[in-house]
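Starting from 1, each residue takes its place in the sequence as its number.
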Amino acid sequence: MCRHWRDLGSCTASFWSRVGVNKKKLAEEGLASLVAVPRLKQIRHFDLSNAWFDKDTWNDILHHMVNFYDHLDFVNITLANLYRVNIDLLAEILCKSRTIILSGLESKWLNKIFEVLNELKCGRIEHLIIGGELYNIPDDLLLRTLSQVK
């Protein structure tokens, strides 16, 4: 009976689609090794809030996300350390997401993210939750970005 439950759990993709990823495990092992596990290939929720990865770890994770996923359900980068992160890669990931949370980020990061999102012309975004320093974001940039949200 145990083997049948294990097989059912491993092979049923919908069981794993809303499972989150442990940030410590993600930093230590990398996304490529985690999605090598068959049941974890279905993960579409990434809570990277408060992530203080170094530049190489961030860029490695983002490269794998861009190359591995055609769409994501949820990405949260609230209060993440984006220092020296490849913003183009991050924006590509955000474009593949239906729900995005960008709270607690400095306006310089939001400006860069919004500029790239506008260049990419994202159409998948359904929910965009923004908080933080919005006063330095030009009104036209903010409006163009918000107009892409369904």
Side-chain angles (χ1 to χ4, degrees), residues 6 8-134 136-137 141-150:
R6 184 196 69 220
L8 176 66
S10 295
C11 297
T12 308
S14 62
F15 287 164
W16 299 98
S17 64
R18 290 187 166 257
V19 171
V21 176
N22 181 308
K23 287 176 265 223
K24 183 178 178 187
K25 193 87 132 159
L26 185 62
E28 289 173 357
E29 296 184 19
L31 183 62
S33 66
L34 289 178
V35 296
V37 177
R39 69 181 178 274
L40 299 181
K41 286 181 182 179
Q42 303 305 319
I43 292 175
R44 299 279 186 261
H45 286 247
F46 286 91
D47 181 355
L48 301 173
S49 61
N50 296 307
W52 284 77
F53 304 135
D54 61 25
K55 176 188 125 187
D56 295 332
T57 303
W58 262 117
N59 291 327
D60 182 52
I61 290 168
L62 295 175
H63 273 290
H64 286 292
M65 288 175 81
V66 164
N67 294 327
F68 187 78
Y69 293 102
D70 58 342
H71 72 280
L72 296 167
D73 292 331
F74 175 86
V75 174
N76 181 356
I77 58 170
T78 299
L79 296 171
N81 176 17
L82 299 179
Y83 181 68
R84 298 175 64 191
V85 169
N86 185 329
I87 296 297
D88 293 332
L89 279 176
L90 178 61
E92 277 189 66
I93 294 302
L94 297 177
C95 272
K96 292 181 177 198
S97 305
R98 288 188 317 166
T99 300
I100 302 167
I101 301 178
L102 303 170
S103 295
L105 299 178
E106 294 177 37
S107 59
K108 68 178 180 179
W109 297 117
L110 287 174
N111 269 326
K112 290 178 183 180
I113 290 169
F114 288 169
E115 287 170 2
V116 178
L117 287 176
N118 281 301
E119 289 173 19
L120 294 174
K121 305 224 183 298
C122 304
R124 181 178 300 276
I125 302 170
E126 294 178 10
H127 305 282
L128 177 61
I129 301 166
I130 310 167
E133 299 178 10
L134 299 178
N136 285 332
I137 298 174
L141 179 61
L142 183 59
L143 290 174
R144 283 192 318 248
T145 304
L146 293 176
S147 70
Q148 294 184 47
V149 178
K150 291 181 181 177

With sequence neighbours left out, the residues meeting side chain to side chain contact (heavy atoms under 4.5 Å, CB included) with N81 are W52, Y83
Closest non-hydrogen contact found for A91 with V116 is CB-CG1, 3.2 Å
Across all chains, not counting sequence neighbours, the side chain to side chain contact (heavy atoms under 4.5 Å, CB included) partners of T57 are A27, F53, D54, I61
Margin query: Determine whether M65 and L72 satisfy the following criterion, side-chain contact (heavy atoms from CB on, under 4.5 Å), listing intermediate values before the conclusion.
Written below: CA-CA 9 Å; M65 288 175 81; L72 296 167; 3.8 Å; yes
(message) Within the 4.5 Å heavy-atom criterion, are H71 and R44 side-chain neighbours or not?
(response) yes
Separation between OG1 (T78) and CG (D47), nearest 0.5 Å, reads 7.5 Å
Is the closest side-chain heavy-atom distance between L128 and L146 below 4.5 Å?
yes
Residues pairing under side-chain hydrogen bond (donor to acceptor under 3.5 Å, both in side chains) where one sits in residues 113-130, two or more places apart or in two chains, turn out to be N118-T145, N118-Q148
Are F46 and I77 close enough, and set up right, to give a side-chain contact (heavy atoms from CB on, under 4.5 Å), and what steps lead you there? CA-CA 9 Å; F46 286 91; I77 58 170; over 6 Å; no
Heavy atoms of N59 and N86 approach each other most closely as OD1-N, 3.1 Å
ask   = Is the closest side-chain heavy-atom distance between I87 and I113 below 4.5 Å?
value = yes
Rounded to the nearest 0.5 angstrom, the OG-NE2 distance for S97 and H45 is 10.0 Å
Checklist entry - Between L90 and W109, is any pair of side-chain heavy atoms under 4.5 Å apart? => result no
Rounded to the nearest 0.5 angstrom, the CG-CG distance for L48 and L79 is 12.5 Å
Correct closest heavy-atom pair for S103 and I130 would be OG-C, 4.0 Å
Beyond-backbone contact of T99 with D73, side-chain heavy atoms, under 4.5 angstrom: no
So CG of L120 and CD of E92: to nearest 0.5 Å the spacing works out to 6.0 Å
>> Within the 3.5 Å criterion, strictly below it, is a donor on H64 or D60 matched to an acceptor on the partner's side chain?
In response: yes
Rounding to 0.5 Å, atoms CG (N111) and CG (L105) come to a distance of 11.5 Å
Ignoring hydrogens and geometry, is there a side-chain-to-backbone donor-acceptor pair from K96 to Y69 under 3.5 Å?
yes
### Query
Given the rule in the side-chain contact (heavy atoms from CB on, under 4.5 Å) test, do C95 and L117 qualify, once you have shown the distances and angles that lead to the verdict?
CA-CA 7 Å; C95 272; L117 287 176; 3.6 Å; yes
